[in-house]
Amino acid sequence: MNQKLLSLCLFIISCTGNVISQEYSKDEKLIMANFDQQATCWNQGDIDCYCQGYVHSPDVHTVSSKGFTYGYDAIVAKYKKDWPKERMGKLHFDQVKMEKLSKITYLVQGRFNLEYEQSKPLSGYFTVIMKKIGGKWLMYTDHSS
C-alpha cells in the first residue's frame, strides 16, 4: 500500500511540472552552464559575450516573430540592433527541458524571462538545438517567441 501511495504522489508531482530535484548528466550540466553564462552576459549588457553561446558559423540560425536570421555575424548584428542596453533588462531562464537526440545534439526547450525596473516583465518560450563542437555545447538553431 505504501508503495502505491508513493507512486501516486510522484505521479501527481510530475504532472504538475514541479520538480523536487533535477539530476543532470554531464552534457546537460554543460548545456545549462551555457544558458547561465548567456544570462550573465545579457545582464551585464554584453551582446558579444551573450552570442558566444551560439555556434560561430554561417549555418547557425535564429527564428523569431521577425523571421529568420542566418549566420553568426548576422545574429550578433540583429541582437545589437534589436536590444540596446537600455532595453535589455535582467534575463533568467526557467522551465528548461532537455532531450538528447544524438551524441552531439540536444533539443532544449524552456522559457526566457526579462525583468525591468520601470516596466512590465517580458517572457516567452524557446526551442533550441544544441550541438557539441570542440567539447562545448553551443546553440545551432534558436526559435524564440
Side-chain angles (χ1 to χ4, degrees), residues 6-145:
L6 177 60
S7 295
L8 178 62
C9 288
L10 290 174
F11 174 75
I12 291 169
I13 289 170
S14 69
C15 289
T16 63
N18 296 324
V19 177
I20 294 171
S21 67
Q22 178 70 45
E23 298 247 353
Y24 289 121
S25 70
K26 179 181 175 185
D27 286 331
E28 290 168 341
K29 286 178 185 176
L30 293 171
I31 290 168
M32 287 306 299
N34 182 322
F35 282 96
D36 291 343
Q37 180 62 37
Q38 282 192 298
T40 297
C41 295
W42 186 275
N43 295 338
Q44 294 171 349
D46 189 342
I47 294 290
D48 290 313
C49 176
Y50 175 82
C51 288
Q52 291 300 310
Y54 286 91
V55 174
H56 197 119
S57 162
D59 297 325
V60 65
H61 53 284
T62 63
V63 184
S64 70
S65 62
K66 296 180 181 181
F68 294 90
T69 304
Y70 294 95
Y72 181 83
D73 293 335
I75 290 170
V76 173
K78 184 161 179 35
Y79 270 112
K80 287 182 176 182
K81 177 182 173 252
D82 292 346
W83 295 99
K85 283 186 181 185
E86 61 274 7
R87 282 197 60 226
M88 290 177 75
K90 295 294 177 196
L91 173 66
H92 73 276
F93 299 103
D94 62 16
Q95 299 181 20
V96 177
K97 299 194 183 333
M98 293 181 252
E99 179 181 347
K100 186 174 186 174
L101 302 177
S102 75
K103 288 183 180 182
I104 63 164
T105 57
Y106 263 85
L107 175 69
V108 182
Q109 296 174 308
R111 183 173 67 172
F112 65 86
N113 304 277
L114 291 170
E115 296 180 17
Y116 299 96
E117 287 183 23
Q118 298 181 352
S119 64
K120 290 182 183 180
L122 173 68
S123 66
Y125 295 90
F126 64 87
T127 299
V128 173
I129 295 178
M130 302 290 290
K131 276 192 156 184
K132 191 173 190 178
I133 298 173
K136 292 176 69 175
W137 285 98
L138 300 168
M139 287 190 230
Y140 180 73
T141 300
D142 175 5
H143 181 193
S144 299
S145 58

If you measure from [atom1] on [X] to [atom2] on [Y], what distance do you get to the nearest 0.5 Å?
{"X": "I31", "Y": "K26", "atom1": "CD1", "atom2": "NZ", "answer": "12.5 Å"}
{"X": "T62", "Y": "H143", "atom1": "OG1", "atom2": "NE2", "answer": "9.5 Å"}
{"X": "F112", "Y": "S123", "atom1": "CZ", "atom2": "OG", "answer": "7.0 Å"}
{"X": "K90", "Y": "Q44", "atom1": "NZ", "atom2": "CD", "answer": "8.0 Å"}
{"X": "T127", "Y": "K97", "atom1": "OG1", "atom2": "NZ", "answer": "12.0 Å"}
{"X": "E28", "Y": "M130", "atom1": "CD", "atom2": "CE", "answer": "11.5 Å"}

Give the minimum heavy-atom separation between [X] and [Y], together with the two atoms involved.
{"X": "F126", "Y": "V96", "answer": "CZ-CG2, 4.4 Å"}
{"X": "C51", "Y": "V76", "answer": "CB-CG2, 3.6 Å"}
{"X": "Y125", "Y": "Q95", "answer": "CE2-OE1, 3.7 Å"}
{"X": "D94", "Y": "R111", "answer": "OD2-NH2, 2.7 Å"}
{"X": "K131", "Y": "T105", "answer": "CG-CG2, 3.9 Å"}
{"X": "E115", "Y": "H92", "answer": "OE2-CE1, 3.2 Å"}

**Prompt:** Just by modelled atom types, is the Y50 backbone N or O under 3.5 Å from a matching donor or acceptor in the Q38 side chain?
**Reply:**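 Yes, because the side chain of Q38 sits within donor-acceptor range (under 3.5 Å) of the backbone of Y50.
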
**Message:** For the backbone of C41 and the side chain of D46, can you confirm whether one donor and one acceptor N or O come within less than 3.5 Å of each other?
**Reply:**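 Side chain of D46 to backbone of C41: no pair is present.
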
**Prompt:** So do the side chains of Y72 and Q52 get within less than 4.5 Å of each other, counting heavy atoms only?
**Reply:**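 Yes, close enough: below the 4.5 Å cut-off.
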
**Message:** Quick one, C49 and Q37 - any side-chain contact, counting heavy atoms below 4.5 Å?
**Reply:**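 The answer is yes, as the side chains (C-beta and beyond) meet within the 4.5 Å cut-off.
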
**Prompt:** Do E86 and Y116 have side-chain atoms, one donor and one acceptor, less than 3.5 Å apart?
**Reply:**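 Short answer, no.
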
**Request:** Could you give me the CA-CA distance, side-chain angles and deciding distance for H61 and Y140, then say whether side chain to side chain contact (heavy atoms under 4.5 Å, CB included) is met?
**Result:** CA-CA 7 Å; H61 53 284; Y140 180 73; 4.2 Å; yes

**Request:** Please collect all salt bridge (charged side-chain N to carboxylate O under 4.0 Å, His left out) contacts where either partner lies in residues 64-82, sequence neighbours excluded, each pair once.
**Result:**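 For residues 64-82: D48-K80, K66-D82, K78-D82.
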
**Item:** Of I47, N43, L114, the residue whose pairing with M88 passes side chain to side chain contact (heavy atoms under 4.5 Å, CB included)
**Value:**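 The side chain to side chain contact (heavy atoms under 4.5 Å, CB included) with M88 is passed solely by I47 among I47, N43, L114.
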
**Request:** Run through D27, V108, L107 and flag the one making a side chain to side chain contact (heavy atoms under 4.5 Å, CB included) with M98.
**Result:**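 Considering D27, V108, L107, a side chain to side chain contact (heavy atoms under 4.5 Å, CB included) with M98 is found only for V108.
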
**Message:** For Y79 and Y54, take the angle between the two ring planes, folded into 0 to 90°, and tell me which bin it lands in: parallel under 30, tilted 30 to 60, perpendicular over 60.
**Reply:**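 Because their plane-to-plane angle lies in the 30° to 60° range, the rings of Y79 and Y54 count as tilted.
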
